[in-house]
Protein chains: 2
Amino acid sequence: MIDGGGTRPGPARRQEAIAEQILARGDITAGELAELFQVSLMTIHRDLSALERQGLVRKLRGGVTAQPSSVFESDVSFRERSMRAEKEAVAARAAELVEPGMAVMLDDSTTSLALARRLEALAPLTVVTNFLTTIELVAGMPGIRLIALGGDYDAPHNSFLGVSCTDAIAALQADLCFVSTSAVTGGHACHQEQHIVPVKRAMLASATRGVLLLDHTKLTRTALYRVARLETFDRVIVDAGAAPEALRELDQLTRSLDVAALLPPEAS
Amino acid sequence: MIDGGGTRPGPARRQEAIAEQILARGDITAGELAELFQVSLMTIHRDLSALERQGLVRKLRGGVTAQPSSVFESDVSFRERSMRAEKEAVAARAAELVEPGMAVMLDDSTTSLALARRLEALAPLTVVTNFLTTIELVAGMPGIRLIALGGDYDAPHNSFLGVSCTDAIAALQADLCFVSTSAVTGGHACHQEQHIVPVKRAMLASATRGVLLLDHTKLTRTALYRVARLETFDRVIVDAGAAPEALRELDQLTRSLDVAALLPPEAS
DNA sequence: GATTCATAACGGTGTCCAGTGTTAAAAACT
DNA sequence: AGTTTTTAACACTGGACACCGTTATGAATC
């Protein structure tokens, strides 16, 4: 059983492998990669240019080096690719909390996006979000009322932030709010980017119930800015991949913890 | 996504011709169309279904009938198709008013969209809009700062409206504001849809200078709701297709009229 | 200047998919 | 019922485009 999940296009797969190599070794030459993957030098160069456009590596004469992780970890196109199955599991569980007629708020996380994909079945519904990807998705769903949160466009996140965004949020009141942060440490949900924090806080303040969506890798990570204490959330959903002791600790700190089992590998 | 040239793939072209037929004759049978275009009945049915989804015609047993124009005239996908050259001419002239560093506001009109396409060359620039099509376009322009205006999503216009939109506008101050309305009558810029009016008004109120963009067909049309008096606008731009007496009358009523000559039919 | 590496340009190859027709079933009308 | 119109399902096709290699040109380093 090779290639278990989604082996979609040709080059993307190789590029992922290349990125993995670089991230592991730190640097490598184009020639080595060509040898390793049995393709021409030109192809390697093209792959590297693509990866550079995504901000994953830096090209320089004679080879490539890895980019410090903090730079690209926040980029959408990167986040979109990682922890797919875990996000789906969490999103599926989150969808169970949504009932027709509700107004739900979604932040600019790819986990929320996974949830958004499942919302069409639950119409009628009002969806509020500042995430352009989600906006485009939900705009095409007939039964769903969409309220977009405007603001300053942030390219790496593909979302809208800033004062005019928080102002818009403050004028609303949602039933349910789904938020994801990049880390959980010391009883707090944390994020590594300052300018996102006020938006997430405003969302939580404008919703009757707040739900935190996590994949298990968030539990072992740290980030600088505190978004909110874990008790702030009425519910926390995490996938089942976490270590037992981490789960136990998390359970202590949260009002209501929900562990989502991984879904069967559907051929979506 | 969009093809400026006009002669698109295969079926779109035929569907346009079909729509033209129906709009001219009022109604027609599927069989006649199949004969007329030398394609199978099935294909005609598919075309008609597509046109029906766009709200242009109504299918009923035995044929199709035209939809009263007021229903679809406001739909984006329809507006996008009409008066292409005129809009480009007006947009080109409007672009001359924009200087690097400015903050410009664009409404949810396809003329504004045509203008937006020309803005990348004028970076650095701040663009403010409530039109999702424009948002997606400008989000991909590196040198341009984008501020999106949120609000209730309106599917036929593909834009955001409502109180939360006007509120967001009121919190801003732009240098230049470009607005287009569906008609000009009795010294007023008018629009046929009520819920759009407050948004356009708010935009004009939040900009130092207001510019009205028109194609000449707007001059002979009427619409119910007054948006603003023509003197409100610091400048009015119209294409050269208008009748001389209409232009003269318009000139009387505006502070500064600008007649844009049609551009050479470039193969963009 | 020589060498090595990177990019640009061109052409070949395969895949994917929109577009269409045919046939069959379903639905609507008489 | 019978007839006509509409939809559903399937297979075919051509063109578009992604992907890759080869060769040629350009840039950077020694």
Spacing of B/His45 atom NE2 relative to D/dA8 atom P, expressed in whole Å
12 Å

Assign A/Leu60 to base, sugar-phosphate, or nothing according to its heavy-atom contacts below 4.0 angstrom with the strands shown.
sugar-phosphate

B/Asp215 with B/Lys87: basic N within carboxylate O range, under 4.0 Å:
no

Aromatic ring pairing B/His157/B/His195, orientation class (parallel under 30°, perpendicular over 60°, tilted between):
perpendicular

Can you find an N or O donor on one side and an acceptor on the other, under 3.5 Å apart, linking the side chain of B/Arg46 with the base of C/dG21?
yes

Report yes if some heavy atom in the side chain of B/Phe131 is under 4.5 Å from a heavy atom in the side chain of B/Leu149; otherwise report no.
no

A/Lys59 side chain near C/dT7 phosphate (N/O to OP1/OP2, under 4.0 Å):
yes

Whole-Å distance between C/dA18 P and B/Gln15 CD?
14 Å

Would you indicate what B/Gly63 reaches in the nucleic acid, counting non-hydrogen atoms under 4.0 angstrom: base, sugar-phosphate, or nothing?
sugar-phosphate

Tell me: CD of A/Gln38 to C1' of D/dG21, nearest whole Å?
14 Å

Measure CD1/A/Ile44 against C1'/C/dC5 and give the value in whole Å, please.
15 Å

For B/Met42 and for A/Arg14, locate the closest nucleotide of DNA chain D by heavy-atom distance; then report the residue assigned to the nucleotide nearer the 5' terminus.
B/Met42

Check ion pair B/Arg93-B/Asp239 (N to O, under 4.0 angstrom)
no

Quickly work out the A/Leu48 CG to D/dC20 P distance and round it to whole Å.
13 Å

Between B/Glu88 and B/Arg118, is the closest basic N to carboxylate O distance under 4.0 Å?
yes

Of all the nucleotides listed (D/dA8, D/dC19, D/dG21), which has the minimum atom distance to the side chain of A/Pro11?
D/dC19

Round to a whole Å and report the spacing from CD1 of B/Ile28 to P of D/dT5.
15 Å

Calculate the interatomic distance between A/Leu41 atom CG and C/dT7 atom P; express it in whole Å.
12 Å

From CG of B/Asp47 over to P of C/dA18, roughly how many Å is that when rounded to an integer?
15 Å

Below 3.5 Å, does any donor atom in the side chain of A/Arg61 face an acceptor in the base of D/dT29, or the other way round?
no

